[in-house]
Amino acid sequence: MTFFFSVAENFYKDTNPAELVGKFGSPLYVYNEDIFRRRCREMASLVPYENFKATYSIKANANLILLRIAREEGLHADAMSPGEIYILEKAGFSPDEIFYISNNVSDEEMLYAIERGIPTSVDSLSQLERYGRLAPGGSVAVRFNPGVGAGHHHKVVTAGKATKFGINLDKADDVRELLKKYRLRLSGINQHIGSLFMTGSKYLEGIKSVLEVASGFEGLEFVDFGGGFGIPYRKQEGQARLELEKFGADFAGILNEWTDGYGSRIMFRIEPGRYVSAESCILLGTVHAKKNNFDRIYIGTDLGFNVLVRPAMYDSHHDIEVYRNGVIVGDGETETVNITGNICESGDIMAAERTLPVIYEEDIIGIMDAGAYGYSMSSNYNNRLRPAEVLIKSDSSVILIRRRDTLEDLARNF
Ligand code: LLP
């Protein structure tokens, strides 16, 4: 007999999975305000340095209500597109609270940020030239590639020798020339080495190499080290959290040493996305079928990869809980199953060969840690409707924070 414990303690407060799905439909993204706020605070205070700021990377989760909470918790935000800037402004972020990290953009996109006075970084010499042409005499930040990368999958490593991002550190002189040519002021330097590291060593290595480059530029206002802070996706196996306190102290040590040499206590920033939002959410779905195909058991649910693409795209692991009559199935017989969705592709698998409590039709499946790159990467593939999102608030009330798509939504652009 195996025992399954709820990995997110008291997540549902006064409600339960059955009640939520009954009221708001299935599948359903369910967020917990307390957890979201706690993660915001941990990032906001990560580094004991007086001029430190965490900018929330909204690509991980751009729900308007969650963005407002992140802002209340003192986070700024970074954006990758005019669409993200647009939503950030709607959530109340002012231009100086937004950092536009552009990548391969048109004049039109660059001007969208420039005209709003939103600090912008460019990540190639050709885009720096474009920026200079559009805003001569202005200020700009440059994204460097520190030469070290890290991440849970090669598709999310964003620095090092095999990625499209950043300007190589040995191109600093070319950057200087272009700045001069267009009378641009370099306001800051930024980088992002990749996503989901569970030990800080690569990140700290990346910090050191970008600070070395920063030393060669006078008058910087900030250096931004990017995101990538991991969360334990395998809590059921006892995976440990990132050791924030030690990491923050080591981080501050490097900054203090560097500022002594640079002669100014400039601003330092990080760009966490996943860390802020992932654990605040459980994705609920419903079991509609069960079958044996040859020697495998398939559990057929409404959790297709249109709802959460991470397992199909990166073979990502998400812990799974099974609920019956509103409570977690904690003990009893187990079996090894494949949790599948309702999309017409054989890669539509949420969890492969996973040992779980024996599952029956109408059980509810909970996909843990679904708050980052979940809804934000969801789609209407197979003309399926993207799910609703609800928030369990600190006072235990439950509110709808994004409605489910309707069939009319599918026809809206024709
Ligand atoms: N800053 C920049 C410039 C980024 O490109 C990213 C993520 C972040 C910050 C935030 O990284 P985070 O702290 O969330 O790791 N869809 C993948 C992750 C892709 C991350 C892309 N860039 C996933 O589901 O694992």
Side-chain angles (χ1 to χ4, degrees), residues 21 23-31 56-68 70 77-93 95 98 100-116 118 120 127 130 134 155-156 164 273 277 281 283-286 288 301-314 340-350 367 370-391 399-414:
V21 162
K23 188 160 177 204
F24 298 101
S26 176
L28 182 68
Y29 275 99
V30 183
Y31 298 87
Y56 170 47
S57 204
I58 81 160
K59 61 182 75 64
N61 190 312
N63 185 290
L64 194 68
I65 308 303
L66 299 179
L67 292 177
R68 289 196 180 129
D78 64 78
M80 292 297 292
S81 67
E84 288 191 347
I85 292 172
Y86 176 78
I87 288 294
L88 283 169
E89 285 178 335
K90 288 224 174 295
F93 288 86
I98 302 173
Y100 180 37
I101 302 169
S102 73
N103 176 240
N104 303 337
V105 302
S106 64
D107 284 4
E108 190 187 352
E109 282 201 19
M110 220 172 242
L111 284 168
Y112 189 88
I114 291 169
E115 281 163 5
R116 282 169 173 72
I118 292 172
T120 298
Q127 291 261 292
R130 185 182 290 262
L134 293 173
K155 288 182 187 162
V156 304
K164 67 170 179 166
S277 59
C281 175
L283 168 62
L284 298 179
T286 306
H288 295 307
T301 75
D302 52 9
L303 294 166
F305 71 66
N306 64 306
V307 179
L308 177 73
V309 75
R310 301 191 70 254
M313 191 157 175
Y314 317 110
T340 67
N342 48 12
I343 294 296
C344 62
E345 295 204 25
S346 48
D348 186 28
I349 295 202
M350 203 49 79
I367 310 287
Y373 308 105
Y375 190 96
S376 67
M377 292 178 81
S378 68
S379 76
N380 291 121
Y381 185 44
N382 280 190
N383 267 9
R384 292 218 162 266
L385 307 180
R386 284 169 307 168
E389 296 182 293
V390 298
L391 179 66
I399 56 167
L400 181 68
I401 56 171
R402 174 153 22 201
R403 68 163 171 79
R404 174 182 309 281
D405 285 342
T406 61
L407 291 176
E408 293 75 43
D409 289 331
L410 297 177
R412 194 192 282 162
N413 295 342
F414 296 115

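- Using a 3.5 Å distance cut-off with no hydrogens or angles, the side chains of Y31 and N61 do pair a donor with an acceptor.
- Taken from CG in D405 to CG in N380, the straight-line distance is 5.0 Å, to the nearest 0.5 Å.
- Once rounded to the nearest 0.5 Å, the distance linking OG1 of T301 with CD1 of I367 reads 7.0 Å.
- Within 6.0 Å of the NZ atom in K23, the count of heavy atoms belonging to other residues, nucleotides or ligands does not exceed 12.
- Heavy-atom minimum distance, G273 versus A60: C-CB, 3.6 Å.
- Under the side chain to side chain contact (heavy atoms under 4.5 Å, CB included) criterion, A370 pairs with Y29, C281, L283, not counting sequence neighbours.
- To the nearest 0.5 Å, atoms CD1 (I401) and CD (E389) are separated by 5.0 Å.
- Judged purely by atom type and a 3.5 angstrom limit, D348 uses its side chain to pair as donor or acceptor with the backbone of N342.
- For N306 and N382, the side-chain atoms include no donor-acceptor pair closer than 3.5 Å.
- No side-chain heavy atom of R386 sits under 4.5 Å from any side-chain heavy atom of R402.
- What you find for A113 and I85 is that their closest heavy atoms are CB-CD1, 4.1 Å.
- There is a side-chain donor-acceptor pair under 3.5 Å between E408 and T406.
- Here the CD1 atom belonging to I58 is positioned 11.0 Å from the CE atom belonging to M80, to the nearest 0.5 angstrom.
- Under the 3.5 Å distance criterion, the side-chain polar atoms of S376 are matched with a main-chain donor or acceptor of K59.
- Distance check, rounded to the nearest 0.5 Å: CD1 of I118 to CE of M110 gives 13.5 Å.
- For the pair A79 and I98, the tightest heavy-atom approach, listed with the atom from each and the gap, is CB-CG2, 4.3 Å.
- Results of the side chain to side chain contact (heavy atoms under 4.5 Å, CB included) test with I349 over I343, T340, L303 single out T340 as the only residue that passes.
- The nearest pair of heavy atoms linking Y100 to S81 is CE1-N, 3.5 Å.
- For the atom pair CG of L385 and CG of D302, the computed distance is 11.5 Å after rounding to the nearest 0.5 Å.
- The heavy-atom pair separating L88 from D78 by the smallest distance is CD1-O, 4.3 Å.
- Within the structure, the salt bridge (charged side-chain N to carboxylate O under 4.0 Å, His left out) test picks out the following pairs touching residues 84-93 (sequence neighbours left out): E89-R116.
- In this structure, R404 contributes its side chain and F24 its backbone to a donor-acceptor pair below 3.5 Å.
- For the residue pair P387 and P27, the shortest heavy atom distance occurs at CB-O, 3.3 Å.
- Under a 3.5 Å cut-off, the side chain of Q127 and the backbone N or O of V105 do form a donor-acceptor pair.
- Taking the six-membered ring for Trp, Y381 and F305 have ring centres closer than 6.0 Å.
- No side-chain heavy atom of S378 sits under 4.5 Å from any side-chain heavy atom of V307.
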